[in-house]
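This report concerns only the one structure given below.
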Protein chains: 2
Amino acid sequence: MTSKQYNSVWFREPRKPAGSSPGRSREEIVAAAMELLDAEGLAGLSMRKLGARLGAGATSLYWYVAHKDELLELVYDEIWGEMTAPDPEEVGWRNAASIVAHSMRQVILRHRWSADLIGRLPALGPNSLMVADQTRKTFKLAGFAGADIDYANATLTAFVFGMTIPEVAWDTAMAGYDYDGDDLRQTVAKVAADYPDLSDAISATDYEDPRVMRELCFDFGLVSVLDGLERRLVT
Amino acid sequence: MTSKQYNSVWFREPRKPAGSSPGRSREEIVAAAMELLDAEGLAGLSMRKLGARLGAGATSLYWYVAHKDELLELVYDEIWGEMTAPDPEEVGWRNAASIVAHSMRQVILRHRWSADLIGRLPALGPNSLMVADQTRKTFKLAGFAGADIDYANATLTAFVFGMTIPEVAWDTAMAGYDYDGDDLRQTVAKVAADYPDLSDAISATDYEDPRVMRELCFDFGLVSVLDGLERRLVT
DNA sequence: ACCTGAACACCGTTCAAGT
DNA sequence: ACCTGAACACCGTTCAAGT
């Protein structure tokens, strides 16, 4: 029964106040890591490769970061920094919620490796907090009170993440497929042969571009979730 | 531009028809893998350790499975096998949806390693398909038609997964905390100091058991999602 | 048909030593 | 204060060889 405390990068000061002269800074390291991640995915990020990209020895990073997970926490927060969370006072709570939802999705689709980090890492960085604060404001303005503010907030982000993460997985699974994926669909239909209803549905989606279908699916779900939340407000 | 086809374990026959005499079978391997996963988590499952547990050489597994990902596909489908998807004809579509949602959540909380697999692996095993077929039936019975059936289906599971995966992450992050986590909450509040609203909310949840709070949050979100979906039906 | 062992190309992380 | 190199304890996977 070890009683080790949980530790996040955000719980301690960076070793470099980000403005000194020699050596590297967190910013450089994070930027290089993002480049590597965007180019090669999560599996492509190793401490050695990142060190090499920075023109440094493989293990020099350990002076700036306690371990790889801390590095991941840092790049994870960058993701949150790319999200647009508009002021609900200006656009109304429903619009604000819609916009942030679409924005979250877009960011994940842009940085596909982030899908693997979401829900694995705690989101305690400054950017995450900024977004969380803004969405909280959004649901407060909508009329929620007390814990319901957080519940509504959690419901929306759960939907967005739950919808988007598998999208990324499917995309990467089908990467390298030249055709529109007809033979894949056929194979899947064969596996589902025991369930006539299911396999009918699979073949039926034949003619649609998967990207527009997912877009439609996301919109359908989003308005449903927002309607459902709105329903909590009428008392 | 390599045009490698996507391949799932489920797209090819197992090497053993599961009833022969010598050697191991997929069933044994999967069962042992599940034990290892439940005991040590995803990081604790290595081909070498699994081989050892089966009293075999480290690399003997490669005769039954093409690579580790295939093994993961197999154990992943076991997860789906533990879910309860009741017949909507008997309990009504809303009940059926509620029950399957809670069941999904419970299964994930029971096998925490599955949280890392969801959305990373395609769900094409027999158990996944059975659940998918049943939930499709549920939304069909509710009155959805065409693509909307799948959209509603996707919305519900997105919510459940998006809600539950982070739950697991928080739990494992705080594993080893003896106290009720007061000091953690304090630390988090300090990090969020710039956002008075947010940090107030964090301290306000003080007295509650996180487990019951999550339960409440899940229920709140679930009825919201179901209400929202139901709203799509009135035309 | 099934399993082994050695080997390859990687990992994250530690740590004494350098400047 | 910052970085290096060697070393440790792991990985997944391949493959020739055994029975």
Side-chain angles (χ1 to χ4, degrees), chain A residues 2 4 7 9 12-30 32-33 36-37 39-76 113 116-117 120-121, chain B residues 2 4 7 9 12-30 32-33 36-37 39-76 113 116-117 120-121:
Chain A
T2 77
K4 210 182 52 179
N7 262 320
V9 220
R12 55 180 189 76
E13 292 302 312
R15 246 179 182 151
K16 256 305 197 36
S20 329
S21 31
R24 272 154 267 280
S25 69
R26 270 195 183 176
E27 281 74 23
E28 288 177 71
I29 293 170
V30 169
L36 230 162
L37 285 165
E40 304 187 29
L42 195 58
L45 175 69
S46 78
M47 299 303 260
R48 291 175 216 258
K49 274 197 212 163
L50 182 56
R53 176 172 283 244
L54 288 162
T59 59
S60 67
L61 300 163
Y62 283 90
W63 201 81
Y64 298 92
V65 131
H67 41 250
K68 197 185 179 183
D69 272 0
E70 282 202 357
L71 179 65
L72 292 177
E73 278 192 284
L74 292 171
V75 293
Y76 184 35
W113 46 271
D116 278 328
L117 263 31
R120 224 186 84 192
L121 257 42
Chain B
T2 78
K4 210 183 51 180
N7 263 320
V9 220
R12 55 180 190 77
E13 294 300 313
R15 249 183 179 145
K16 257 306 195 39
S20 328
S21 31
R24 273 154 266 280
S25 70
R26 269 194 184 175
E27 282 73 24
E28 288 177 72
I29 292 170
V30 169
L36 229 161
L37 285 165
E40 304 188 30
L42 196 57
L45 176 68
S46 77
M47 299 303 259
R48 291 174 216 261
K49 274 197 212 163
L50 182 57
R53 176 172 284 241
L54 288 162
T59 59
S60 66
L61 299 163
Y62 283 89
W63 201 82
Y64 298 93
V65 130
H67 41 248
K68 196 185 179 183
D69 272 0
E70 282 202 358
L71 179 65
L72 292 177
E73 278 191 284
L74 291 171
V75 293
Y76 184 33
W113 47 271
D116 278 328
L117 262 32
R120 224 186 83 192
L121 257 42

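From a predicted model like this one, the values you see are computed outputs, not experimental measurements. Chain letters run A, B, ... following the sequence lines, proteins first and then strands; every chain starts at 1.
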Looking only at the side chain of [X] (C-beta and beyond, no hydrogens), which of the listed nucleotides [options] gets closest?
{"X": "A:K68", "options": "D:dC2, D:dG12, C:dG12", "result": "C:dG12"}
{"X": "A:S60", "options": "C:dC3, D:dC3, D:dA7", "result": "D:dC3"}
{"X": "A:T59", "options": "D:dA7, D:dT4, D:dT13", "result": "D:dT4"}
{"X": "A:S46", "options": "D:dG12, C:dC3, C:dG12", "result": "C:dG12"}

Starting at atom [atom1] of [X], determine the distance to atom [atom2] of [N], rounded to an integer number of angstrom.
{"X": "A:L54", "N": "D:dC2", "atom1": "CG", "atom2": "C1'", "value": "14 Å"}
{"X": "B:L42", "N": "D:dG12", "atom1": "CG", "atom2": "P", "value": "10 Å"}
{"X": "B:R48", "N": "C:dC3", "atom1": "CZ", "atom2": "P", "value": "18 Å"}
{"X": "A:Y62", "N": "C:dT13", "atom1": "OH", "atom2": "P", "value": "4 Å"}
{"X": "A:D69", "N": "C:dG12", "atom1": "CG", "atom2": "C1'", "value": "10 Å"}
{"X": "A:W63", "N": "C:dG12", "atom1": "CH2", "atom2": "C1'", "value": "20 Å"}
{"X": "A:M47", "N": "D:dA7", "atom1": "CE", "atom2": "P", "value": "21 Å"}
{"X": "B:Y64", "N": "D:dT13", "atom1": "OH", "atom2": "P", "value": "18 Å"}

- When all nucleic acid strands are considered with a 4.0 Å heavy-atom cut-off, which category describes B:A56: base, sugar-phosphate, or nothing?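 Counting heavy atoms under 4.0 Å across all strands, the contact made by B:A56 is with sugar-phosphate only.
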- Task: Determine the contact category for A:L71: base if any of its heavy atoms lies under 4.0 Å from a base atom, sugar-phosphate if only primed atoms, P, OP1 or OP2 are that close, otherwise nothing.
- Result: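 A:L71: no heavy atom of the nucleic acid under 4.0 Å.
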- Query: Among B:V75, B:L72, B:L45, whose side chain to side chain contact (heavy atoms under 4.5 Å, CB included) with B:W113 holds?
  - Reply: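 Only one option passes, and that is B:V75.
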- Which pair of heavy atoms, one from A:R48 and one from A:A58, lies closest together, and at what distance?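 Residues A:R48 and A:A58, closest heavy atoms: CG-CB, 3.7 Å.
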- Can you tell me the pairing partner of D:dT13 across any strand shown, Watson-Crick or G-U wobble, with both distances under 3.5 angstrom?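 Matched D:dT13 with C:dA7 under the 3.5 Å cut-off.
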- side-chain contact (heavy atoms from CB on, under 4.5 Å) assessment of A:L74 paired with A:V65: CA-CA 10 Å; A:L74 292 171; A:V65 131; 4.0 Å; yes
- Message: The test is side-chain contact (heavy atoms from CB on, under 4.5 Å); show your working for A:M47 and A:Y62 and say whether it passes.
- Response: CA-CA 9 Å; A:M47 299 303 260; A:Y62 283 90; 3.7 Å; yes
- Query: What distance do B:K68 atom NZ and B:L50 atom CG have between them, rounded to the nearest 0.5 Å?
  - Reply: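 Separation between the atoms: 9.5 Å.
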